[in-house]
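First the structure, in the form of structure tokens, and then the observations on it.
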Amino acid sequence: MINVTKTFLPPIEEFTKILNKAWEKKWLTNRGDLIVELENKLSSYLDVSNFFITTNGTLPLQIALKSLGINKEVITTPFSYVATTSSIVWENCTPVFVDIEEDSLTIDPNKIEAAITENTQAILATHVFGNSCHINEIDTIAKKHGLKVIYDASHCFGVKYKGKSIFNFGDISTTSFHSTKLFHTGEGGAIFAKDNALFKKIYYHHNFGHNGQLEYHGLGINAKASEMQAAMGLSVLPYMDNIIKKRKELSLLYEALLKDNKNVRLYNYHKDCSRNYSYMPVIFESESKLLSVLEALKKMKIHPRRYFYPSLNTLPYLSNKVEMLISERISKRVLCLPLYFELEVVEVQQICTIINKNKL
Ligand SMILES: *Cc1c(COP(=O)(O)O)cnc(C)c1O
């Protein structure tokens, strides 16, 4: 069976050797040596500072909204994973959807200003499939209207925008180290903020608001990552260059084999953004073409994923339903093809043959 992704696991001895350090110290969480070591290594690998690792990639979104004092309207994208919208709703804010741009599938900056009201406080946008939003344009609008910017950069491990880590952009950036993501710690994530005062606040928020053992800085939650998660990250990190190299080869092969297929469109990346080959999205001409390819692949035990689907403005728990024409149209037609370290060239060829043969 070929799935959309297969979690990269290092030889188990490498994991247990690192985990052994936690055993020896009998220290499993609350910023143990392994978490600190992983943060130091990520800091140089990604060239980032002012960040820490969290227990998943969703709590950082909630903490981001909380620490910026957001409690009213948040402009956001309908084309993302459900966690982007659910975090807004969970924090008792109102998501105000702005449709995406057809090409980049990221929030359309030309439509943002029309959605701004006196209650708008922030923009929460997702960098899609490792491709950056229109960061400059969003920044300009945010400055003009006094809005905070949060980027859900869950797909962006290792991505550079204009030569700098993409995690450096926005007031706050968040990411996910879930086991389906490019780099993983089983479950995990991280949160980034340039402003030192804001960063301190975020840090307190993630550890119950503790300011030392006996004092509290304010309200908090538990978003700490454990030593088991750190051990996983430390044993995966040394493989990342190779993993990305292999995924690049496979992605370029997919693109070469699919480029002449009139039924599918390949995805365009922003010119200022480097690629991390985290996903292999293709956009079909119609949903029926997508479904017939999906069926043909399923027969061969190949399971790509409809991602992102459905468009988030259609979530059942939203009270205020709006139409997002482009996002709804695209999410019905986008498929992420299998892409992972162990995937073989012949398997990519087989998948492309099925896609190219399938003429509905
Ligand atoms: C994976 C993902 C999340 C959630 O991250 P978790 O680590 O699973 O909590 C949020 N947003 C996007 C865009 C994601 O892909």
Side-chain angles (χ1 to χ4, degrees), residues 3-5 7-8 35 38 42 51-66 74-91 93 95 97-98 100 104-107 122-133 135 149-159 166-167 169-170 172-192 206 221-226 228-230 232-233 236 267 273 276-281 304-313 315 327 330-331 334-336 339-340:
N3 271 326
V4 63
T5 190
T7 300
F8 176 85
I35 274 290
L38 180 57
L42 284 176
F51 80 102
F52 58 87
I53 299 169
T54 53
T55 194
N56 60 45
T58 301
L59 279 162
L61 290 167
Q62 293 169 212
I63 291 173
L65 292 163
K66 186 80 85 195
V74 179
I75 289 182
T76 191
T77 174
F79 194 70
S80 183
Y81 183 59
V82 68
T84 316
T85 303
S86 67
S87 299
I88 297 172
V89 177
W90 197 266
E91 289 300 318
C93 303
F97 292 101
V98 166
I100 55 170
S104 67
L105 313 185
T106 58
I107 195 165
I123 300 170
L124 169 46
T126 299
H127 302 305
V128 173
F129 303 138
N131 186 26
S132 69
C133 292
I135 290 177
V149 179
I150 303 164
Y151 285 116
D152 181 340
S154 292
H155 293 180
C156 294
F157 186 86
V159 169
I166 200 164
F167 296 139
F169 293 87
I172 297 177
S173 249
T174 69
T175 197
S176 166
F177 301 149
H178 185 260
S179 51
T180 54
K181 303 296 201 279
L182 183 58
F183 167 75
H184 79 94
T185 56
E187 290 272 2
I191 186 161
F192 308 75
H206 107 291
I221 188 120
N222 179 4
K224 287 169 289 152
S226 74
M228 283 74 86
Q229 291 171 294
M232 180 57 78
V236 172
Y267 183 52
C273 187
N276 66 355
Y277 306 96
S278 47
Y279 295 89
M280 183 60 224
R305 175 147 181 226
R306 301 187 71 177
Y307 191 69
F308 301 116
Y309 178 88
S311 186
L312 297 173
N313 56 299
L315 284 170
S327 177
I330 294 283
S331 57
V334 64
L335 203 58
C336 281
L339 183 61
Y340 49 87

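When reading the values below, keep in mind they use all heavy atoms of this one structure, side chains included, and skip hydrogens, waters and symmetry mates. Note that ligands are numbered from 1 as they come in the structure, with each ligand's atoms numbered from 1 the same way.
Some N or O of S176 is nearer than 3.5 Å to an N or O of ligand 1, by distance alone. Residue H155 has at least one N or O atom closer than 3.5 Å to an N or O atom of ligand 1. Close N/O approach between G57 and ligand 1 is found [any backbone or side-chain N/O within under 3.5 Å]. In terms of polar-atom proximity, Y307 is counted as a contact of ligand 1, with an N or O under 3.5 Å from an N or O of the ligand.
From the protein, the heavy atom lying nearest to atom 11 (N) of ligand 1 is D152 OD2, 2.7 Å. The nearest heavy-atom contact from the protein to atom 1 (C) of ligand 1 is K181 NZ, 1.7 Å. Among protein heavy atoms, the minimum distance from atom 9 (O) of ligand 1 is reached at T58 OG1, 2.6 Å.
In this structure, the side chain of T126 does not engage the main chain of V128 through any donor-acceptor pair within 3.5 Å. A donor-acceptor distance shorter than 3.5 angstrom exists from the side chain of N222 to the backbone of K224, with no hydrogens or angles considered.
Between F79 and ligand 1 there is no heavy-atom distance shorter than 4.0 Å. Residue S80 places a heavy atom less than 4.0 Å from ligand 1.
A donor atom on one side chain and an acceptor atom on the other are found under 3.5 Å apart for T180 and H178. Between S327 and S311, the side chains place a donor N or O and an acceptor N or O closer than 3.5 Å (distance only, hydrogens not considered).
The atoms of ligand 1 that sit less than 4.0 Å from any heavy atom of G188 are 7 (O).
Here the closest heavy-atom approach between residue N276 and residue G130 is recorded as OD1-CA, 4.0 Å. Taking both residues in full, the closest heavy atoms of H127 and A153 are given as CD2-CB, 3.7 Å, listed atom of the first, atom of the second, then distance.
Counting heavy atoms only, S154 comes closest to atom 12 (C) of ligand 1 of the residues A153, A190, S154.
Residue-environment remark: OH (Y307) exceeds the threshold of 12 foreign heavy atoms within 6.0 Å.
In F129, neither the side chain nor the backbone holds a heavy atom less than 4.0 Å from any atom of ligand 1.
Screening V149, L124, I107 against I75 for a side chain to side chain contact (heavy atoms under 4.5 Å, CB included) leaves a single residue, I107.
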